[in-house]
Protein chains: 2
Amino acid sequence: MEKEVVLDERKMKILQAIIKNYLETGEPVGSRTISKYTDLNLSSATIRNEMADLEELGYIVQPHTSAGRIPSDKGYRLYVDNMMLEREASLLNQEAKLADREKEIDEMKEFLTEKVDKVETLLQNMAKMLANNTNYATMISGPHLHKNKLKFIQLSEVEDGKVLCVMVLEGNIIKNKIIAIDEELDNEGILKLNILFNSTLNGLTLEEINLGIISRMNMQAGKQLNLARNVLEAVAEAITSEDDLQIYTSGATNIFKYPELSDSQRASELINTLEEKQLLTNLITDSESEEEKGIQIYIGNETPVKTMKDCSVVTATYELEDGLKGTIGVIGPKRMDYEKVVETLKNVKNQLSHAYKKEDTDGDL
Amino acid sequence: MEKEVVLDERKMKILQAIIKNYLETGEPVGSRTISKYTDLNLSSATIRNEMADLEELGYIVQPHTSAGRIPSDKGYRLYVDNMMLEREASLLNQEAKLADREKEIDEMKEFLTEKVDKVETLLQNMAKMLANNTNYATMISGPHLHKNKLKFIQLSEVEDGKVLCVMVLEGNIIKNKIIAIDEELDNEGILKLNILFNSTLNGLTLEEINLGIISRMNMQAGKQLNLARNVLEAVAEAITSEDDLQIYTSGATNIFKYPELSDSQRASELINTLEEKQLLTNLITDSESEEEKGIQIYIGNETPVKTMKDCSVVTATYELEDGLKGTIGVIGPKRMDYEKVVETLKNVKNQLSHAYKKEDTDGDL
DNA sequence: TGTTAGCACTCATTCTCTTGGAGTGCTAAC
DNA sequence: GTTAGCACTCCAAGAGAATGAGTGCTAACA
């Protein structure tokens, strides 16, 4: 009777060595390499036996008969779930890492202390920096507005029949919409509407406004009911239409640094996905549903975006202020430097929330 | 003594045939092909002689000894300057072209009649449509704001120490900025500032405001001088910072449809240029300085953007309203379908200005 | 004098064949 | 359980050789 093959500690070590080596070189790794590379002091023959087992268990694959092994998706998954933690605790390269980290944080702070008064610009800059630092493609989704509270709303007549509606949300995100109205509106009317809107709507989220706006307002509109209705509907529509997800991407061309991604077909699909940013919404939705995990790692087919099946994606959710949440993502080859990416993402996440709050209180907007 | 080689009519016809054939196939074209292709009824041997002359004149080149000829930049230039006009007048394919054109216009109108209240969205949509229709990469620059007149300006206090400044420009382009101020501002103060700003600044261009704002306003600020100064400076700065060029791109991945552009190196550079949109400002500046020509064609090295030296670029300047000008560009391989692109660009140009004016008058904003 | 047929020549492309090397799997010995 | 040794596989790189598209040149023709 065959002895059952199980994943013992030695196999783990060997697998880890294979993966680490492959992440560095991008080349299939052979038994001889591992034999020398590890402190296990085993001959290549022994390693070969173990590798055969690892392959049987599905953690590694052979591109072709006479080649070394490369990690399978399952292998990466094991690595990411179990082995990365250990390695993070190890002290190897710790100094170099710290230096890198500091440099990164400095760079971030540079962005954040520059007078960036628009969240849009800030996020775009962050995406760019992240892409530069990681050498992968990046994306950042703007905060979800529907959960964001309205801080201030103002109507003003720009010209006859056209009313400008400005909405300021928590975090000083500004949205505007020009609304066409049929009726005449005098200054007094506008003033009253402004007061009405501000007293009724402020502090509510867009979502809440959208749901209850009409009924709620009708009760208080009084003699201006007709007029208010018109504007109301327009505002409701304006709010709805402002509620779509902004997505910023950067570093799309970084994928050309990885041969396994840079053939025309794949590259074209990938870059197109990054250009047509809306194709990334799946990723954001999924990543946010897993939010409690903090950092989410998708390997190969796990990614909710089909065009990225040959990539790995690491995402994090940031929070600027209460409820002002968005997603950051790094897209690279499956052999990406998960450790570094995870660490960098944690940094960005912290910096983003921290800096934004600071910015919000010291008034240096 | 050698007889001087000149570009007679027959040579022109042959050159034209070569170029047209090359535009279609993308393959070097040989003498035999031309011999059959044209109505000149000349043997391939004769064509060969003529081709040798054309090469000597610099209109065509041979990729290698035993290959056919392809047009040189000089050849394309001649074609674009002289031959395209003739062909445009010809009736060949005219019907098919008309159908195409109609389809295109319909598609554009679809975009334009949809409620697109933001110029940003409109232009992004146009870029996308243009990319889809031409199969090349496209860019559109937003209108230059510094020549645009201020229509309406409004300050309002969002929270203590923070004032929201909303500017509406001609064409209902809305810009906002949150301004931090040290001093207290009561409602009355804001009201007065608003009146002051609107009466003084409306109708001026950002440029004009920027230049004369301080001196002009100081005269009328009266007792609020100190306060006004602060806000003024902030507004001036806001205006300046809003004055940078918006650029929208689309269809970057279309370049993968042309093998001569899709090797990693070139593709990466190109796509990067399109991603880092600011690298395109050269192109816009140059194209606008040549504006009187209507449509501008850059072939290969003529392009003011270095990374596009293997491409051709066709640009047009559009005008939404008085002074609201921007640039549209199509970026493709040198063997792009100049005729089609020029025609399409003319359409877009017309549609853009026409539709926008309509939008502006029928109130369906 | 312009045009053409014919021929030798060039050169990219494609194919096959060979070689080298990296790496494996298996077996037998320790 | 571990290891040395060996046969085997298969990719990658290189060398010819064949193919064929296309040219340049020359000599003959109208």
Side-chain angles (χ1 to χ4, degrees), chain A residues 2-15 17-18 21-22 25-57 59-72 259-260 263, chain B residues 1-15 17-19 21-22 24-72 259-260 263:
Chain A
E2 277 286 326
K3 194 177 175 187
E4 196 189 352
V5 180
V6 293
L7 190 66
D8 56 18
E9 192 169 339
R10 195 171 75 176
K11 286 195 176 56
M12 287 276 271
K13 276 193 180 166
I14 293 174
L15 177 56
I18 294 173
N21 199 282
Y22 184 66
T25 63
E27 299 283 306
V29 0
S31 54
R32 220 177 112 80
T33 314
I34 297 299
S35 161
K36 291 182 178 171
Y37 189 83
T38 59
D39 49 357
L40 292 169
N41 287 320
L42 293 173
S43 77
S44 63
T46 313
I47 303 289
R48 274 202 290 283
N49 289 332
E50 296 290 52
M51 281 169 119
D53 289 353
L54 283 169
E55 183 160 12
E56 192 183 328
L57 290 166
Y59 292 110
I60 52 179
V61 288
Q62 233 176 337
H64 54 84
T65 329
S66 69
R69 309 301 214 291
I70 63 175
S72 67
E260 64 264 49
D263 64 299
Chain B
M1 183 181 156
E2 277 286 325
K3 194 181 177 188
E4 197 188 354
V5 181
V6 293
L7 190 67
D8 58 17
E9 190 168 342
R10 194 172 73 175
K11 286 194 176 57
M12 286 276 270
K13 276 192 179 167
I14 293 173
L15 177 57
I18 294 173
I19 294 183
N21 200 283
Y22 184 67
E24 281 171 6
T25 63
E27 299 284 305
V29 1
S31 54
R32 220 178 113 80
T33 314
I34 298 299
S35 162
K36 291 180 178 173
Y37 188 84
T38 57
D39 50 354
L40 291 169
N41 285 323
L42 293 172
S43 76
S44 62
T46 313
I47 301 289
R48 275 202 289 283
N49 289 332
E50 295 288 52
M51 279 171 120
D53 288 355
L54 282 171
E55 183 161 10
E56 191 182 331
L57 289 166
Y59 293 109
I60 51 180
V61 288
Q62 233 176 337
H64 58 256
T65 331
S66 69
R69 307 302 214 288
I70 64 176
S72 67
E260 65 265 49
D263 65 297

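No experiment lies behind these values; they were computed from the predicted model shown. Naming convention: chains lettered A, B, ... in sequence-line order (proteins, then strands); numbering from 1 in each chain. Scope of the values below: all heavy atoms of this structure, side chains included, with no hydrogens, waters or symmetry mates.
The shortest non-hydrogen separation linking Gly58(B) to Ser72(B) is O-OG, 2.6 Å. In plain terms, the two heavy atoms of Glu27(A) and Tyr22(A) that are nearest each other are O-CD1, 3.0 Å. Smallest separation of non-hydrogen atoms from Pro28(A) and Ile70(A): CA-CG2, 3.6 Å. Gln62(A) and Thr65(A) make their closest contact through NE2-O, 2.7 Å (heavy atoms, listed as atom of the first residue, atom of the second, distance).
Annotation: side-chain hydrogen bond (donor to acceptor under 3.5 Å, both in side chains) contacts of Glu260(A) (sequence neighbours excluded): Arg335(A). Scored by the salt bridge (charged side-chain N to carboxylate O under 4.0 Å, His left out) test, Glu55(B) finds Arg69(B) as partners (sequence neighbours excluded). Legend: residues meeting salt bridge (charged side-chain N to carboxylate O under 4.0 Å, His left out) with Arg32(A), ordered by chain and number and at least two apart, are absent.
Inter-residue side-chain proximity for Val29(A) and Ile34(A) is flagged as met; some heavy-atom pair is nearer than 4.5 Å.
Rounded to whole Å, atom P of dA5(C) lies 12 Å from atom CD1 of Ile47(B). Look at NZ on Lys11(A): it is 10 Å from P on dT2(D), rounded to the nearest Å. Protein atom CD of Glu50(A) is 7 Å distant from nucleotide atom P of dT2(D), rounded to whole Å. Rounding to whole angstrom units, CZ of residue Arg48(B) and C1' of dT4(C) are separated by 10 Å. Atom C1' of nucleotide dA12(C) and atom CD of Glu27(B) are separated by 12 Å, given to the nearest angstrom. Between Asp8(B) atom CG and dG2(C) atom P there is a gap of 11 Å when expressed in whole angstrom units.
Atom OG1 of residue Thr46(B) and atom CZ of residue Arg10(B) lie 6.5 Å apart, to the nearest 0.5 angstrom. Remark: Asp53(A) CG to Leu15(A) CG distance equals 12.0 Å, nearest 0.5 Å.
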*How does DNA chain C look in dot-bracket form if you count Watson-Crick and G-U pairs under 3.5 Å, write [ ] for pairs that cross, and put | where a base pairs with another strand?*
||||||||||||||||||||||||||||||
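Of all the residues in residues 35-42 of chain B, Asn41(B), Leu42(B) reach under 4.0 Å from DNA chain C with at least one non-hydrogen atom. For DNA chain D, the neighbouring residues in residues 53-72 of chain B, judged by any heavy atom under 4.0 Å, are Gln62(B), Thr65(B), Ser66(B), Ala67(B), Gly68(B), Arg69(B).
The phosphate of dT3(D) (OP1 or OP2) has a side-chain N or O of Thr46(A) nearer than 4.0 angstrom. Residue Arg32(A) places no side-chain N or O under 4.0 Å from the OP1 or OP2 atom of dG21(C).
Ser31(A) comes within 4.0 angstrom of the backbone, heavy atoms only, and of no base.
Where Asn49(A) and Thr33(A) each meet DNA chain C at their nearest nucleotide, the meeting point lying more 5' is that of Thr33(A).
No more than 12 heavy atoms of other residues, nucleotides or ligands sit less than 6.0 Å from atom NZ of Lys13(A).
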